[in-house]
Amino acid sequence: MQYKIFLVMSFVAVLYLEVKAQDENIPDNHSLYCTPSVIGLPRTKGLVIKYELIPHYTIKSTSKNSLYNDANAGISRNGRLDIKLKFPIINRPGFIVIGGLRYFQEQLHFTNPSESNYPVYTGLEDRSLKTLGGQLYIIKPTKKNTYFLLRASADFNGDFTQSGIPPKDLLKISVAPMYGWKRNENLSYAIGVAYGYTFGRASVYPVISYNKNFSPNWGIESLLPTHIKLRYSKNDKQFWYLATELSGASYRLSNKIPGLENTNQPHLHRSELKIGLTLEKEIHNWFWFSAEAGYRQNLQFNLTNSAGRNSNVLIKNKLSGAPFLGLSLFMVPPRSWIKAK
């Protein structure tokens with residue numbers, strides 16, 4: 001498996017850098033480890049509860065299998081609940097490990113699904129497509145101007161409340177090792193390679209991180225190809241972002257869904273591109289809220305009878321673009337904790 005190769009290579013690199021750092025003989029004026037982040041960033045989010053709504057768009061389905069017909073319908077709303085938790089596991093100057101947990105759920109609500117006379121629409125109506133999993137972030141800075149990052153996650157994706165789906169079909173692994181350079185307090189960048197589902201299927205692709213402050217108020221945060229954010233902050237209590245985001249998922253569906261009874265391994269592959277404006281504002285020290293609005297363009301929403309996006313396609317779906325709205329509440333470390341460090 002590709003992700004196993006990435007995991008082995010990444011952890012070998014972490015161990016090598018850890019041993020190398022212990023053996024370095026660095027003068028006192030270089031005793032501090034470099035940190036990947038630039039100054040002016042908001043405090044790290046610990047607990048995030050977010051709800052996103054994509055209302056009123058259409059779906060056009062083209063059959064790629066003789067078992068199905070072509071169809072089209074309206075979708076009144078796509079509601080998404082996203083809950084994330086991050087917590088420190090190891091927090092040493094020269095080695096940082098952060099754990100994470102995530103629960104994500106989305107539901108499609110069709111316009112008059114009972115009148116569509118299309119079993120797949122009826123089966124997907126009000127069905128919870130879920131992600132439940134954990135993440136691991138490893139940061140290994142050196143006493144020079146370089147650092148190593150590893151992002152890894154293991155998630156159960158799909159309609160996993162239905163019995164009879166093998167756990168291995170639900171499990172999705174993502175891995176992204178990166179090597180970076182900290183040029184100064186206003187510029188940091190890294191390159192690497194990722195294995196994940198950003199494009200709606202398991203794929204390997206290059207990743208580039210670039211974070212730069214143009215002034216005390218303006219900066220850019222990016223992890224290409226997944227997102228790029230232009231940041232404006234008048235102070236450390238309020239942040240504005242103009243951002244584009246590419247995201248995707250692969251959901252394992254139950255073959256008990258109407259219209260999928262004759263399938264063995266049904267999957268729904270989703271990928272989309274969003275552009276939007278976000279406001280993050282402090283309510284009280286460690287308690288913040290966020291509001292965002294923008295436009296979502298779907299790139300893929302295909303139904304297959306395999307884990308591969310382009311393998312054994314049953315129905316090719318085209319979704320129209322639509323606006324989206326999002327609200328979230330989140331907690332960050334209190335300022336007293338940051339100052340204590």
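Neither side chain, D70 nor T62, offers a donor N or O lying under 3.5 Å from an acceptor on the other. Side-chain contact of Q105 with Y103: a donor-acceptor pair under 3.5 Å is present, judged by distance alone. Between the side chains of S306 and Q265, no donor N or O sits under 3.5 Å from an acceptor N or O. Looking at T198 and T226, their side chains never bring a donor and an acceptor atom within 3.5 Å of each other. A donor-acceptor pair shorter than 3.5 Å cannot be found between the side chains of Y68 and S61. In summary, the side chains of Y197 and S174 do not present any donor paired with an acceptor at a separation below 3.5 Å, with no hydrogens or angles considered.
Looking at heavy atoms from C-beta onward, N312 lies out of side-chain contact with T263 at the 4.5 angstrom threshold. Looking at L47 and L329, their side chains never come closer than 4.5 Å, going by heavy atoms from C-beta outward. At least one side-chain heavy atom of F301 sits under 4.5 Å from a side-chain heavy atom of L108. Side-chain contact between L260 and L303 is present, with at least one heavy-atom pair separated by less than 4.5 Å. Between S76 and H109 there is a side-chain heavy-atom pair separated by less than 4.5 Å. Proximity of K45 to W288: side-chain heavy atoms (C-beta onward) are nowhere separated by under 4.5 Å. Considering only heavy atoms from C-beta on, Y189 stays 4.5 Å or farther from I208 through its side chain. A 4.5 Å side-chain heavy-atom check between I138 and F95 finds at least one atom pair inside the cut-off.
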Stepwise side chain to side chain contact (heavy atoms under 4.5 Å, CB included) test for L150 and V175: CA-CA 7 Å; L150 174 64; V175 186; 3.9 Å; yes
Salt bridge (charged side-chain N to carboxylate O under 4.0 Å, His left out) between E292 and K50, worked out: CA-CA 11 Å; E292 61 180 320; K50 177 181 178 180; 2.6 Å; yes
From CA spacing to verdict: side chain to side chain contact (heavy atoms under 4.5 Å, CB included), N69, S63: CA-CA 6 Å; N69 299 318; S63 173; 5.8 Å; no
Trace of the side chain to side chain contact (heavy atoms under 4.5 Å, CB included) decision for L187 with Y210: CA-CA 8 Å; L187 175 60; Y210 184 79; 3.7 Å; yes
Side chain to side chain contact (heavy atoms under 4.5 Å, CB included) assessment of Y118 paired with I59: CA-CA 12 Å; Y118 199 58; I59 179 172; over 6 Å; no
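Side-chain N or O atoms of S128 include none that pairs as donor or acceptor with a backbone N or O of K130 at under 3.5 Å. Counting only distance, with no hydrogens or angles, the side chain of Q135 and the backbone of R151 share no donor-acceptor pair below 3.5 Å. Side chain of N235 to backbone of K237: a donor-acceptor contact under 3.5 angstrom is found. Listed for the N78 side chain is a donor-acceptor partner under 3.5 Å among the backbone atoms of Q107. Put simply, the side chain of D159 never gets that close to the backbone of L129: no donor and acceptor are under 3.5 Å apart. Checking side-chain atoms of K140 against main-chain N and O of G94 turns up a donor-acceptor pair under 3.5 Å. Side-chain atoms of K60 do not come within 3.5 Å of backbone N or O of K318 as any donor-acceptor pair.
Remark: N298 CG to R270 CZ distance equals 8.5 Å, nearest 0.5 Å. Considering CG of N305 and CG of N264, their distance stands at 5.5 Å, rounded to 0.5 Å. The distance from atom CZ of R127 to atom CG of L268, rounded to the nearest 0.5 Å, is 11.5 Å. Here the NE2-CG distance, from H227 to L273, works out to 13.5 Å after rounding to the nearest 0.5 Å. For the atom pair NZ of K256 and CD of E261, the computed distance is 11.5 Å after rounding to the nearest 0.5 Å. Annotation: the span from T142 atom OG1 to F148 atom CZ amounts to 12.5 Å, rounded to 0.5 Å.
Residues I39 and W181 are members of separate hydrophobic clusters, defined by side-chain heavy-atom contacts under 4.5 angstrom among Ile, Leu, Val, Met, Phe, Trp and Tyr. Taking hydrophobic clusters as Ile, Leu, Val, Met, Phe, Trp and Tyr residues chained together by side-chain heavy-atom distances below 4.5 Å, V332 does not share a cluster with L279. Hydrophobic cluster membership differs between L149 and V38, with clusters built from Ile, Leu, Val, Met, Phe, Trp and Tyr side chains linked at under 4.5 angstrom. Cluster membership check: L132 shares its hydrophobic cluster with I165, using side-chain heavy-atom separations under 4.5 Å among Ile, Leu, Val, Met, Phe, Trp and Tyr. Put simply, M178 and L246 are part of the same group of oily side chains (I, L, V, M, F, W, Y) that touch within less than 4.5 Å, one to the next.
Ring geometry for H267 against H269 counts as parallel: the plane angle stays under 30°, on a 0 to 90° scale with 60° as the upper cut. The aromatic rings of Y232 and W218 sit tilted, their planes meeting at an angle between 30° and 60°. Below 30°, between 30° and 60°, or above 60°: for Y241 and F239 the angle between ring planes is below 30°, a parallel geometry.
Taking a cutoff of 4.0 Å between a charged side-chain nitrogen and a carboxylate oxygen, D236 and R43 do not qualify as a salt bridge.
Remark: R296 is positioned above the aromatic ring of Y57, its terminal NZ or CZ atom under 6.0 angstrom from the ring centre and at most 45 degrees off the axis.
Contact detail for F156 and P167: the closest heavy-atom pair is CE2-O, 3.8 Å. Closest approach of C34 to T146, counting heavy atoms only: SG-O, 3.1 Å. Listed here is the closest heavy atom pair of P141 and Y33: O-CD2, 3.4 Å. Nearest heavy-atom pair, P36 versus I139, reported as atom, atom and distance to 0.1 Å: CG-CG2, 3.6 Å. Residues P166 and R252 come closest through the heavy atom pair CD-NH2, 4.1 Å. Here the shortest heavy-atom pairing between I98 and I89 reads C-CD1, 4.2 Å.
Screening T131, D82, D155 for a side chain to side chain donor-acceptor pair (under 3.5 Å) with R102, the sole residue that qualifies is D82. R80 pairs with exactly one of Y51, F104, F324 by the side chain to side chain contact (heavy atoms under 4.5 Å, CB included) rule, that one being F104.
Enclosure of atom CZ in R77 is not indicated, since only 12 or fewer non-hydrogen atoms of other residues, nucleotides or ligands lie within 6.0 angstrom. Environment of NZ in K212: crowded, with over 12 heavy atoms of neighbouring residues, nucleotides or ligands closer than 6.0 Å.
Residue pairs meeting the salt bridge (charged side-chain N to carboxylate O under 4.0 Å, His left out) criterion with at least one member in residues 225-234, sequence neighbours excluded: E221-R231.
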